[in-house]
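Written out below as structure tokens is the structure these notes cover.
Worth knowing before you read on, the calculation uses all heavy atoms, side chains too, and leaves out hydrogens, waters and symmetry mates. Labels below follow one simple rule: chain letters A, B, ... track the order of the sequence lines, proteins then strands, and each chain is numbered from 1.
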Amino acid sequence: NAGVTQTPKFRVLKTGQSMTLLCAQDMNHEYMYWYRQDPGMGLRLIHYSVGEGTTAKGEVPDGYNVSRLKKQNFLLGLESAAPSQTSVYFCASSRLMSGAYEQYFGPGTRLTVT
Amino acid sequence: DQQVKQNSPSLSVQEGRISILNCDYTNSMFDYFLWYKKYPAEGPTFLISISSIKDKNEDGRFTVFLNKSAKHLSLHIVPSQPGDSAVYFCAGRDNYGQNFVFGPGTRLSVLP
């Protein structure tokens, strides 16, 4: 049982390049999330999904797109990377159950945009 | 505007003593609060949660207290152990949807 995995672990991009971060979970969770964490700040929600084929914007969605074509995968795309997107990105998943809102996080992807 | 605040960036405690981590929030729409622990180079892991209709929840060495009128949460760890040294995040769930708002974290150091 791998839980939540993220690919890649590290990446360096030049300004204007694009990339996709992949998140996979094997817990059959309905909900999936993408967060970013910057120094001195908590995790900020970028986008989330409440089920296959559905996505919604979080607190800081600008510059990112997401897709959830399969229940177990949640992709985060950067179409034209900017230095302000240098951050650590965390994916998480959770169950569809009232009162059981705890999220299970992946190990993170450290992205640097130069 | 920070909806969830953790005003102590760091805290040091002696092993065996109590650790108290505090969290304040401004959003009255939060219906659940959660605490997570994070080690370096790892993702956060869930510790304990509390519903907004309760004032206390306990799980082993961890107890969370909620004072809804003061919009204040605290996490108590008793007794503290060196393995508890980590960054602790408080988070609130907005009952409008699956929107979770995290505080900036408090770094706890438990000294042997």
B/H76 and B/F65 aromatic centres sub-6.0 Å:
yes
Do the ring planes of A/F105 and A/Y35 sit parallel (below 30°), tilted (30 to 60°) or perpendicular (above 60°)?
tilted
Which atoms of B/A91 are under 4.5 Å from chain A, going by heavy atoms: the side chain, the backbone, both sets, or neither?
neither
Give, as side chain, backbone, both or neither, the part of A/Y33 having an atom under 4.5 angstrom from any heavy atom of chain B.
side chain
Can you tell which of A/E59, A/Q103, A/Q37, A/R44 has the highest number of heavy-atom pairs within less than 4.5 Å of chain B?
A/Q103
Of the backbone (N, CA, C, O) and the side chain (C-beta and beyond), which part of A/Y101 lies under 4.5 Å from a heavy atom of chain B, both, or neither?
both
Just by distance, no angles: are the side chains of A/R36 and A/Y64 close enough, under 3.5 Å, to form a donor-acceptor pair?
yes
Ranking B/P44, B/G43, B/G103, B/G105 by heavy-atom pairs under 4.5 Å to chain A gives rank one to B/P44
Nearest 0.5 Å, please: how far is NZ in B/K71 from CG in B/L66?
11.0 Å
Interface check, chain B: of A/K9, A/Q6, A/M41, most non-hydrogen pairs under 4.5 Å belong to A/M41
Taking the ring centre of each residue, are B/F102 and B/Y36 less than 6.0 Å apart?
yes
